[in-house]
Amino acid sequence: MNIFEIYRINIINLLKNLKNKNILLLPDNLNSINVDIPPVKYDGDISSNVAMVLAKPNKKTPENIAKLIVAELKNEKNIENISIVKPGFINIKFKNIFWSDFLIEVINNHKTYGIDLKQVKKNYLLEFVSANPTGPLHVGHCRGAILGDVLANLLLFNNNKVKKEYYVNDFGGQISHFTKSIFYRIREILFKEEFPKNDKDIYPGDYLIDIAKNIIKNNKDLKFDNYQNIYEKLTQLSVKESLKLIKLNLKNLGIEHDNFASERDIVLNKEVESVVKKLEKNNFVYIGKIKAPKVEDDTKWIEREQLLFKSTDFGDDKDRALQKADNTWTYFAGDVAYHENKLNRKFDILINILGADHAGYIKRITSAVEALSGKKNKLICKVSQLVKLIKDGKPFKMSKRKGDYITVEDLINEVGKDATRFIMLNRSSDVEIDFDFAKVKDKSKENPLYYVQYCYARISSVFRNTNKILEDDIETKNFKHNYSNEEIKLIKKISEWPKCVEVSSNMLEPHRIPTYLYELASDFHSYWNMGRNDKTKRFIDEKNEISLDKLILLKSIAIVVKSGMNILGVETPNKM
RNA sequence: GCGCCCUUAGCUCAGUUGGAUAGAGCAACGGUUUUCUAAACCGUGGGUCGGAGGUUCGAAUCCUUCAGGGCGCGCCA
């Protein structure tokens, strides 16, 4: 029930008719013909640019084209008024009955209202978070985690298939340092040996002590005397403990992955060897040298022959190393194998959510996926920009070494899951955001979360006060179709919801949803307050009853708010 | 040096594939509660969409270029 899409299709069908009668010529691509919301001052409900688009191929003025179309449309039963404005915009104003009929559609299809029906359904693999399993998540991981989760919700809402995956980097140098740190902590606890906290390869955080204690407690038969002998086992246990912490953090953020893919498994299964062979066969790898990176001190750089992937064939700045000097695989090689693994699982689209600090990695991994699949745009990478923390009015700089950082746990305890999610989602992922603790905790209209929730709570209270249940189905038989202009303004806003979903989903930009919900809530609050001076605008009358028309209006707003908040993964309390 | 992101009102930001006289919130000032939840509402002011070119019927949006801010550049992950 996307009225913009319905009228776009109406207009296009009408154009095809005119074409068949040899009245109009149509361009091959009709995508630039759109139906939109006109600016308020034009007193129209929807508008189209169709006349401008067709002017050139037909060698006519937009006004003349518009006249042809208006002549066809003006007798349509829903249309109250249709006009042509300046360059050639066609503005349509609907009869009131159109809007009340529309509300019935919303009520009758409340489970599916907003779903983008014309979107081709796809099978997605969405990889996000994938933070190193060396400790709990901190605030820096939050934004990408929430973005990924909500993208999944959005794609699922549109009836796509989505698998949410976490790539566990449980192999390589970082993990050995981590395992070693755990080993020293265990030695510290069991044998009172001093922990080498000044070693720069050692993780300093106190959470390692808890992990060490857990490992000791649950593995009484293990001996911690020889690091080499216990290394494999201890790595497994340490990663497992870390993942436990991470999963708990994610759960508290309202996030649950479907699968955790292990880098270690991929390497030990020799998947790297086989993907390198595949690339070799297709001539995408060679032995060569790469130059020292610009930033590094050039004197430290030892140029050598090594195995490289030809990412420059796909637009990267330089070719990328697959093997280190000690002949072990680079992180990139493992990730290429992981992406081949994803491709073999037959998804239509792969999506990766990355932090801003990994944006430079996108070119090489998309190159690899293109080389392996032969297709462009099989892998889409979304970057979530930095979150600047503001505490007590001042920027808060995190420093892991000083132990001076905010974990997800701290964040949830202080501001809560819903506020965190809503604020992180409220802005485009392309821009840095300020996350001001004071503002996120604030319970007033300054906080958009509460502003939207309050709208739902007010609707709930009307149902409660008239002894009705918001969740119950509504019998629409005695509908009067009697709405004021102010109410129609609200209905129009409700009608924009499918458009919001469509654009958010096509662009993979969920921030449009909180923006839209805020506008809807704003229109609602505004209408609510009119009831102060004008009793006809109150929902509940003197007899403590509510008209069916008003009930349907409220129910429709609640349907959309609930639906939107579900996608965001945020609660809609009935009372506040 | 190179790559990516950003630059829109005093501040924080919306603004799908190019569309009409560019929109919110905050801050400022002035109002609204015997009344369905004031976690709310109404009103007033506020703009060279970073600068300069270009593309076209039409540019905040696309291209070129310059300037400013952020992130990155590995045989780390």
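What you see is a predicted model; the values in this text were computed from it and never measured. Sequence lines set the chain letters: A, B, ... in the order given, protein chains first and strands last, and positions in each chain run from 1.
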> If you check the A/N132 side chain, which of B/A77, B/C75, B/A20 turns out closest?
Replying inline: B/A77
Side-chain donor/acceptor contact of [X] with base of [N] under 3.5 Å:
X: A/N34; N: B/U16; answer: no
X: A/K499; N: B/U16; answer: yes
X: A/S47; N: B/A20; answer: yes
X: A/D36; N: B/A20; answer: no
X: A/R304; N: B/C75; answer: yes

How would you label the contact of [X] with the nucleic acid (heavy atoms, under 4.0 Å): base, sugar-phosphate, or nothing?
X: A/Q385; result: sugar-phosphate
X: A/A356; result: sugar-phosphate
X: A/N31; result: base

>> Please list all pairs meeting side chain to side chain donor-acceptor pair (under 3.5 Å) that have one or both residues in residues 310-319 of chain A, counting only residues at least two apart or in different chains.
In response: A/Y286-A/D319, A/S311-A/D316, A/T312-A/D319, A/D316-A/R320
For [X] and [N], give me the distance from atom [atom1] to atom [atom2], rounded to whole Å.
X: A/Y42; N: B/G23; atom1: OH; atom2: P; answer: 10 Å
X: A/E305; N: B/C75; atom1: CD; atom2: P; answer: 14 Å
X: A/N533; N: B/G43; atom1: CG; atom2: P; answer: 13 Å
X: A/M576; N: B/A39; atom1: CE; atom2: P; answer: 9 Å
X: A/I37; N: B/U16; atom1: CD1; atom2: P; answer: 11 Å

>> Strictly under 4.0 angstrom, non-hydrogen atoms only: write out the protein contact profile of nucleotides 56-63 of chain B, one letter per nucleotide from the 5' end, B, S or -.
In response: SS------
> With A/S547, which residues qualify under side-chain hydrogen bond (donor to acceptor under 3.5 Å, both in side chains), at least two apart?
Replying inline: none
> Do we see a donor-acceptor contact under 3.5 Å between the side chains of A/K324 and A/T330?
Replying inline: no
>> Could you tell me if A/S484 and A/E487 have a donor-acceptor pair between their side chains, going purely by distance under 3.5 Å?
In response: yes
>> Which residues in residues 422-430 of chain A have a heavy atom closer than 4.0 Å to any atom of RNA chain B?
In response: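 Contacts with RNA chain B under 4.0 Å: A/R427, A/S428, A/D430.
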> Below 4.5 Å, heavy atoms only, C-beta onward: do A/E509 and A/S504 meet side chain to side chain?
Replying inline: no
Ignoring hydrogens and angles, write down the donor-acceptor pairs under 3.5 Å from the side chains of residues 459-466 of chain A, residues two or more places apart or on other chains.
unit_1	atom_1	unit_2	atom_2	d
A/S460	OG	A/Y456	O	3.3
A/S460	OG	A/N574	OD1	2.7
A/S461	OG	A/R458	O	3.0
A/R464	NH1	A/N574	O	3.2
A/N465	ND2	A/S461	O	3.2
A/T466	OG1	A/V462	O	2.8
A/T466	OG1	A/F463	O	3.3

>> Is it the case that atom CG in A/D28 sees more than 12 heavy atoms from other parts of the structure closer than 6.0 Å?
In response: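 Incorrect, the count does not exceed 12.
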>> Whether A/K499 and A/E496 form a salt bridge (side-chain N of Lys/Arg under 4.0 Å from carboxylate O of Asp/Glu) is what I want to check.
In response: no
>> Under a 4.0 Å threshold between the charged nitrogen and the carboxylate oxygen, would A/K342 count as salt-bridged to A/E165?
In response: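 No salt bridge links A/E165 with A/K342.
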> Looking at the angle O4'-C1'-N9-C4 for a purine or O4'-C1'-N1-C2 for a pyrimidine, is B/U33 syn or anti, with syn meaning within 90° of 0?
Replying inline: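 Glycosidic conformation of B/U33: syn.
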> Tell me, what's RNA chain B's dot-bracket, Watson-Crick or G-U with both distances under 3.5 Å, | for other-strand, [ ] crossing?
Replying inline: (((((((..((((.....[...)))).(((((.......))))).....(((((..]....))))))))))))....
